[in-house]
Number of protein chains: 2
Amino acid sequence: MPKQVDYEERRLRIAEAVCALIARSGMEAVSLRDVAAEANVSMGAVQRCFRTKEDMLLFALEHISRRVSERAGRRIAEASAHQAASTLLSHTLAELALLDEESRTQAHVWTAFATRATASQKLATVLHDTYTKLHDLVAWLIRYGQDTREIPGHLDPDHEARSLLALADGLTVQVLAGHHGPAVARAVLQRHIDRLLGSASGAH
Amino acid sequence: MPKQVDYEERRLRIAEAVCALIARSGMEAVSLRDVAAEANVSMGAVQRCFRTKEDMLLFALEHISRRVSERAGRRIAEASAHQAASTLLSHTLAELALLDEESRTQAHVWTAFATRATASQKLATVLHDTYTKLHDLVAWLIRYGQDTREIPGHLDPDHEARSLLALADGLTVQVLAGHHGPAVARAVLQRHIDRLLGSASGAH
DNA sequence: GCTTTTTCGATGCGATCGCATCACATCGTG
DNA sequence: CACGATGTGATGCGATCGCATCGAAAAAGC
């Protein structure tokens, strides 16, 4: 057999390059040539890994989705035993809102795909699956908080999860647009959660 | 003088065509030729009205921004005397979230620009100005609700406005992505406002 | 060690892009 | 009424796009 390369590793490397380019100059600035240059591979290699450009973008989206949900899942798996459900919830949501400076790239990519997904069925499917996964995770967290009596039991976990995820998404976009900094976004999120926890007394 | 045309009318018509194209197939599918065809003018006319493509997009964004904020402002101007502050607030937010079926186009365009603005300073400026305007409007509504004793006075109007706008933005994106329908989004928004109104008693 | 097979990376191609150019139509004016 | 200025719309141009093609390099089998 001829020269063998690790295809999976190369695909990941290309996906990273795609994300870097999207974060730097937007999704419409992503061309096969630029991707190849960014990933330090030849253009032919890119075409070998992905049949079409759309396949490449789809893989990049799946890559990012996996990264985001895995990161959130890992945080929960690590910390669920030692932390209160409320702090776990707030940390997880802050992470899902991609507010960390090192998550800025992922936030860029995420919103870019979310926008484009309105015109591409395949992207929409991937995005929808990820969203469902995150929804279930947050809803589970809320139920967990209800079990530990931190969150009032009369609240509907699914509804609150939808609300929290929508808030997180909105904050992500607004922080990216520069409407306010990550600190403000974190404060808004925390406030929302505080009101969730003490649904019978407004925090001041 | 030779044949005179109404430039402003033509610019608006082209802007509408741009928005229609964005809503139909996304922002990267907008070319000068397609815009000209959609607006039923020649390509030369488009180039006469706008020096570059970026100018054209910028004008379209300003057009949409104006439409959105004017619509919200008009609703308030019309109804502020006859309605409770709470219903006014909820209707205004629902409108800002662009949940109506006929606002779907504007929602598409809005998110497309919001995404692209992360890579274009000029677009970001327009977006930021509009956001500030909407924030002031919502904060004013909250203060108004506090005056009428419908909203607890200890809440910070600016903070609550940020939270509401972020929620509205997130819901806009999620509805566009098909994660849930406008009815669910409206319910989430209403629930948030209800909790705002009765900050001392959780809604059931 | 030569052949064969398979992968790699560079180049070519048709299409389309944004923008510039130009002949023509149109209307006020000397 | 003829002239000239001005706006119009079609066409040209260079660049770049995604994708297909092809020669060269590399490793397994005899």
Side-chain angles (χ1 to χ4, degrees), chain A residues 1-22 24-61 112-113 115-117 119-123, chain B residues 1-22 24-61 112-113 115-117 119-123:
Chain A
M1 258 188 295
K3 179 164 62 173
Q4 281 285 28
V5 299
D6 185 344
Y7 270 77
E8 205 50 38
E9 186 271 343
R10 174 166 290 185
R11 288 163 79 93
L12 287 179
R13 174 148 113 185
I14 291 175
E16 294 283 351
V18 170
C19 294
L21 279 177
I22 290 178
R24 190 184 314 147
S25 356
M27 165 147 273
E28 59 276 332
V30 173
S31 73
L32 295 186
R33 287 166 177 84
D34 291 346
V35 169
E38 176 79 20
N40 270 113
V41 300
S42 78
M43 200 175 135
V46 175
Q47 293 184 256
R48 178 159 321 278
C49 286
F50 304 103
R51 206 172 52 80
T52 69
K53 183 184 182 182
E54 192 187 349
D55 285 353
M56 181 182 73
L57 293 178
L58 200 62
F59 182 85
L61 171 59
F113 275 118
T115 301
R116 191 183 182 104
S120 161
Q121 187 53 53
K122 290 184 181 177
L123 289 184
Chain B
M1 258 188 294
K3 181 164 62 173
Q4 280 286 26
V5 299
D6 185 345
Y7 270 76
E8 204 51 37
E9 186 270 342
R10 173 166 292 185
R11 287 163 80 94
L12 287 179
R13 173 146 113 190
I14 292 175
E16 294 283 351
V18 170
C19 294
L21 279 177
I22 291 178
R24 191 183 313 147
S25 358
M27 165 148 273
E28 58 276 332
V30 173
S31 74
L32 294 187
R33 287 166 178 83
D34 291 347
V35 169
E38 176 79 19
N40 270 113
V41 299
S42 77
M43 201 175 135
V46 176
Q47 293 184 259
R48 179 157 318 277
C49 285
F50 303 103
R51 208 173 51 79
T52 69
K53 183 184 183 181
E54 191 187 350
D55 285 352
M56 181 182 74
L57 294 178
L58 199 62
F59 182 85
L61 172 57
F113 274 118
T115 302
R116 181 175 254 242
S120 161
Q121 187 53 52
K122 290 183 182 178
L123 290 183

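Not measured: the values here are computed from a predicted model. All chains are named by letter (A, B, ...) in the order of the sequence lines, taking the proteins before the strands, and each is independently numbered beginning at 1.
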Given protein heavy atoms under 4.0 Å, the one-letter contact record of nucleotides 17-24 of chain C, with B base, S sugar-phosphate only and - none, is simply BBBB----
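- Here the side chains of B:Leu57 and B:Phe113 are in contact, with some heavy-atom distance below 4.5 Å.
- Every residue two or more places apart in sequence or in another chain was checked for a side-chain hydrogen bond (donor to acceptor under 3.5 Å, both in side chains) with A:Arg33, and none qualifies.
- Two residues are said to be in side-chain contact when any heavy atoms from C-beta on lie closer than 4.5 Å; B:Thr52 and B:Asp55 meet this criterion.
- The closest side-chain heavy-atom distance from B:Leu61 to B:Arg116 is not below 4.5 Å.
- Looking at B:Arg24 and B:Glu38, their side chains come closer than 4.5 Å, going by heavy atoms from C-beta outward.
- Whole-Å rounding puts the A:Ile14 CD1 to C:dC8 C1' distance at 13 Å.
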